[in-house]
Amino acid sequence: MRRATGLPVAFGGLLDERPRAPLRIEELSGASSDVLRGLAISPGSGLGGRSMALARPCAVTDYPVARHISHEYDEPVAAEGLRSVLAVPVVVRRRVRAVLYGALRTPQPLGDRVLDAAVAAARDMEQALAVRDEVRRLAAPVPVPVPGAGAAAWEAVREAHGELRALAPRIADPAVRAELLAVCGRLASAGASGTAAGASGPGVSDPRASGRGASGPGATGPGATGPGAPRVGLAPREVDVLAAVAAGATNADAARRLGVRPETVKGYLRSAMRKLDAHTRLEAVVAARRAGLLP
């Protein structure tokens, strides 16, 4: 916030998830003391509380004499020497999750450039919180079906795997992205074990029934089964496309999910099919599952 707006002081915090819980100021940048740290801001109170209640940015040119806000927090604001203050809510799925503040120590209007930069910073945080929420939801412990489990259980695992794969490239934090992909790997490995034991899920026929699959030592096509099947080197995006296809997505659906063009999806799919020695999308999915690339 401070870097984006150029304001000398910035601070903010997250709201507790309880209904009407206060916002607690936890992060400070450019402050001369810790007087604001830990301050609990109630919805409707002060500038930040007003911003929370209205779910929109609010600003005052001179905090001590501002008429359209309440003044419960005048003492800590005065102790920090703040005069011109801006508060911007971070709204995720129609709920205020945080408030970002920027301030000057002189009473002067904050122009449109500063307001636009503050709103952009809040939107960046909104996206980060939305992605974090989705990671937590998808990475929650998924009961991995045991061999022979029902088709619906395996489909739930496969759907979660596809969503995780699609989400991973959007995560900027390398550590979080690596952790998410590790979860994908565990799901895929569990799926490979289940497939080898005969839990291949609904609608997945064995390509060997048509006489096209390979079998035996050194087989790399759809018929290669079990833990001894050679690992196939697919690019991450090729795995992403196959995960989407395995969930029943069309090329257009996969393109929307992955944020690429349908032609790009087709290219990745053709490349994956070639590497897996598969003649159809279905054969490619089955081969990827047997190679431990998909659950």
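Throughout, numbering of the chain's residues begins at 1 and tracks the sequence.
S84 contributes a side-chain N or O that, together with a main-chain N or O of Q108, makes up a donor-acceptor pair within less than 3.5 Å. Checked by atom type and distance alone, the side chain of R105 pairs as donor or acceptor with a backbone atom of E80 at under 3.5 Å.
Legend: side chain to side chain donor-acceptor pair (under 3.5 Å) pairs involving residues 233-250, not counting sequence neighbours, sorted by first then second residue: R165-D240, R237-D240, E238-S271, E238-K275, T250-D253. Identified under the ring-ring contact (aromatic ring centres under 6.0 Å, His included) test for residues 16-53, with sequence neighbours left out: none. A ring-ring contact (aromatic ring centres under 6.0 Å, His included) check over residues 21-56, counting only residues at least two apart or in different chains, returns nothing. Applying the ring-ring contact (aromatic ring centres under 6.0 Å, His included) test to every pair with at least one member in residues 11-54, sequence neighbours left out, gives these pairs: F11-Y101. Annotation: salt bridge (charged side-chain N to carboxylate O under 4.0 Å, His left out) contacts involving residues 42-57, sequence neighbours excluded, are absent. Sorted by first and then second residue, the side chain to side chain donor-acceptor pair (under 3.5 Å) pairs involving residues 22-31 (not counting sequence neighbours) are R2-S29.
Among residues two or more places apart in sequence or in another chain, the salt bridge (charged side-chain N to carboxylate O under 4.0 Å, His left out) test is passed with D112 by none. For E263, the salt bridge (charged side-chain N to carboxylate O under 4.0 Å, His left out) test picks out R261, with sequence neighbours left out. With sequence neighbours excluded, the residues forming a salt bridge (charged side-chain N to carboxylate O under 4.0 Å, His left out) with R83 are D62, listed by chain and number. Residues satisfying the salt bridge (charged side-chain N to carboxylate O under 4.0 Å, His left out) test with R95, not counting sequence neighbours, are none. For T264, the side chain to side chain donor-acceptor pair (under 3.5 Å) test picks out no residue, with sequence neighbours left out.
Enclosure of atom CD in E72 by more than 12 non-hydrogen atoms of other residues, nucleotides or ligands within 6.0 angstrom is indicated.
To the nearest 0.5 Å, the span separating CG on L258 from CG on L167 amounts to 11.0 Å. Between Y73 atom OH and I41 atom CD1 the span is 4.5 Å, to the nearest 0.5 Å. Considering CG of L110 and OG1 of T5, their distance stands at 8.5 Å, rounded to 0.5 Å. A distance of 9.0 Å separates CG in L104 from CG in L82, rounded to the nearest 0.5 Å. With rounding to the nearest 0.5 angstrom, the CG atom of L39 is 12.0 Å from the CG atom of D34.
No chain of hydrophobic side-chain contacts below 4.5 Å, direct or via other Ile, Leu, Val, Met, Phe, Trp or Tyr residues, connects V96 to V90. At a threshold of 4.5 Å between side-chain heavy atoms, the hydrophobic network of Ile, Leu, Val, Met, Phe, Trp and Tyr places V85 and L23 in one connected group. Under a hydrophobic clustering in which Ile, Leu, Val, Met, Phe, Trp and Tyr are joined whenever their side-chain heavy atoms come within less than 4.5 Å, directly or via other members, V88 and L7 fall into the same cluster. Criterion: ILVMFWY side-chain heavy atoms under 4.5 Å apart, direct or through other members. Under it, L100 and V77 are not part of a common hydrophobic cluster. The cluster map of Ile, Leu, Val, Met, Phe, Trp and Tyr, joined by side-chain heavy atoms under 4.5 Å apart, puts I25 and L14 in different clusters.
Taking each heavy atom of A55 and P89 in turn, the nearest pair found is C-CG, 3.6 Å. Smallest separation of non-hydrogen atoms from S51 and A87: OG-O, 3.5 Å. A288 approaches L242 most closely through the heavy-atom pair CB-CD1, 3.9 Å. Closest heavy-atom contact between A66 and V60: CB-CG1, 3.6 Å. Scanning both residues, K266 and N251, for their nearest heavy atoms gives CG-ND2, 3.4 Å. When all heavy atoms are compared, the tightest approach of A254 to A249 is N-CB, 4.0 Å.
Residues L276 and L234 have side chains in contact (heavy-atom distance under 4.5 Å, counting atoms from C-beta outward). With a 4.5 Å cut-off on side-chain heavy atoms, C58 and H68 do not count as touching.
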Name every donor-acceptor pair, under 3.5 Å, that has one atom in a side chain of residues 115-131 and the other anywhere in the protein, sequence neighbours excluded.
none

